[in-house]
2 protein chains.
Amino acid sequence: MARSASAMRGQILKSALRLFSVHGFRGTSLQDIASDVGCSKASLLYHFAGKEKILTELLTPTQDALAELLDRVAGLTGGRLVEETVVGYVDLTLRFRREIRLLFEDITEMSCHQDLNVMELADGLLDALAGRSHRAPARVAAWMVLGAVFITSAADGEVAPDEVLRAEMIRSALRTLDHTPS
Amino acid sequence: MARSASAMRGQILKSALRLFSVHGFRGTSLQDIASDVGCSKASLLYHFAGKEKILTELLTPTQDALAELLDRVAGLTGGRLVEETVVGYVDLTLRFRREIRLLFEDITEMSCHQDLNVMELADGLLDALAGRSHRAPARVAAWMVLGAVFITSAADGEVAPDEVLRAEMIRSALRTLDHTPS
DNA sequence: ACCGTAACTGTCCGATCGGTCAGAACTGAC
DNA sequence: GTCAGTTCTGACCGATCGGACAGTTACGGT
């Protein structure tokens, strides 16, 4: 054995992401991951300080991408704000499908996770989707788009090919937000 | 102690629903429920054959209500079908908020649950929301409404008062489905 | 060839899980 | 008061969890 450390870490993350996205974080034991990787459970804990750290490392890119999206639309307003946010959000969920899947599998415990501030990022996303409006219709519609894209992306790809899925999700989301295309 | 059996069962179900909806099924131990009820863990297992049976009993009313909805719209077509389905679905998720919450907390393990065929009911709902269409745009939009109402109802009630939430969810959902009000 | 270090593992640990069981505690009918 | 039956509990069980740790193996620089 004794592969390079970074290669081993990569394999662990790959197996963990697959198993977490199927069985959830709690539903996947360190032994499950170790068996999938083909190493001992102790080896996992040599490369990662704990089970939680694996999760953190898996979700950090998603979190960063979301933060980057919010930063990108921070200066926009009106129709441009909504359009850019919707497209960015749809692309993000399609790119990080399995991460999204495991994210809403254990969403309640994520909220009290120290290293992951997904919830406040979700708040920012909600705000942008609502076009910075605080009126109830806009807020409700924003919540609905948040959940709609979330679940549709996380669903097993039986729905439609990715290209079609992407286009239709964007169109549907803009309809939900009562956005008249510019 | 020694309350009546039915009263005790009711208290257990009440506590279990609250704890399950917050921490999930796996995240709630029998000891947690027992402590909340104020009895011993063994007492729970006297009234219920196992932890799973508590879950089954909690979700059966939701399942029945969904089946009843599908039965009710089975004969409809076109605009009436979509309208009735959306309104019925929104009302259902608002009525069974906490059940919905715990349902999508552990949705992957639900799919292989023997006593609960939620997944095939969800398929029926999807079909009705899509207006029985098999075209990709309609299917994607149906998926999105499914997830949107799901999550918006499950979200903690910070969004809007229930009456406003209901009306806006219905309007937004119909927009998502590109439904022109009759 | 040697050796320090990085990579890895077998084994053990305490905690907690769902569930079992014999028996105590309570209840209502008589 | 007595007693049968329902309700309830403490103690215990095997399984499994995340994690700790000493010891072993493999590798690269010298």
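A, B, ... follow the sequence lines: proteins, then strands. Residue 1 opens every chain. Being a predicted model, the structure only gives us computed values, none of them experimental.
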Those residues at least two apart in sequence (or on a different chain) that pass salt bridge (Lys or Arg N to Asp or Glu O under 4.0 Å) with B/Asp36 are B/Arg18
Here the distance between atom P of D/dG18 and atom CZ of A/Phe25, to the nearest Å, is 8 Å
A/Phe48 atom CZ is separated from C/dC8 atom P, nearest whole Å, by 12 Å
The salt bridge (Lys or Arg N to Asp or Glu O under 4.0 Å) partners of B/Arg9 (sequence neighbours excluded) come to B/Glu57
Across all chains, not counting sequence neighbours, the salt bridge (Lys or Arg N to Asp or Glu O under 4.0 Å) partners of A/Asp91 are A/Arg166
side-chain contact (heavy atoms from CB on, under 4.5 Å) filter on B/Thr28, not counting sequence neighbours, yields B/Leu19, B/Phe20, B/His23, B/Asp32, B/Ile33
*asked:* Within the structure provided, determine whether B/Asp127 and B/His134 are in side-chain contact (heavy-atom separation under 4.5 Å).
replied: yes
Sorted by chain and number, sequence neighbours left out, side-chain contact (heavy atoms from CB on, under 4.5 Å) with B/Arg175 holds for A/Ala141, A/Asp178, B/Arg171, B/Ser172
To the nearest angstrom, the CZ-P distance between A/Arg26 and C/dC17 comes to 11 Å
Here the residues of residues 8-16 of chain B within 4.0 Å heavy-atom distance, strictly under, of DNA chain D are B/Met8
Please check the phosphate of D/dC8 (OP1 and OP2 only) for any side-chain N or O of B/His47 closer than 4.0 Å. yes
Hits for ring pair (Phe, Tyr, Trp, His ring centres under 6.0 Å) against A/Tyr89, two or more places apart or cross-chain, chain-then-number order -> none
From NZ of A/Lys53 across to C1' of D/dG18 the rounded distance in Å is 14 Å
When A/Ala49 and B/Ala5 are each assigned the nearest nucleotide of DNA chain D, the 5'-most assignment goes to B/Ala5
Sorted by chain and residue number, the side-chain hydrogen bond (donor to acceptor under 3.5 Å, both in side chains) partners of A/Gln11 (sequence neighbours excluded) come out as A/Arg3
Picking from C/dT20, D/dC8, C/dT9, the nucleotide nearest the side-chain atoms of B/Ser43 would be D/dC8
> Should A/Tyr46 be listed as having a side-chain N or O under 4.0 Å from OP1 or OP2 of C/dA7?
Replying inline: yes
Applying salt bridge (Lys or Arg N to Asp or Glu O under 4.0 Å) to B/Arg72 and not counting sequence neighbours gives B/Glu68, B/Glu84
Polar atom pairs (N or O), protein with nucleotides 12-16 of chain D, under 3.5 Å:
none

Rounded to 10°, the angle between the first-five-pair and last-five-pair axes of the helix from C/dA1-D/dT30 to C/dC30-D/dG1 is 10°
To the nearest angstrom, the CG-P distance between A/Asp32 and D/dC17 comes to 6 Å
So ring-ring contact (aromatic ring centres under 6.0 Å, His included) across residues 36-60 of chain B, not counting sequence neighbours, yields none
Between CG of A/Leu45 and P of D/dG23 the distance, given in whole Å, is 20 Å
Side-chain contact check for A/Ala42: nearest option of D/dT9, C/dG10, C/dG18 is C/dG10
- request: Would you check if B/Val86 and B/Val82 make a side-chain contact, meaning some heavy-atom pair closer than 4.5 Å?
  value: yes
Should the pair A/Asp162-A/Arg95 be classified as a salt bridge under the 4.0 Å nitrogen-to-oxygen rule? no
Separation of C/dC17 atom P from B/His23 atom NE2, nearest Å, is 12 Å
Rounded to whole Å, the NZ-P distance (B/Lys51 to C/dC17) equals 8 Å
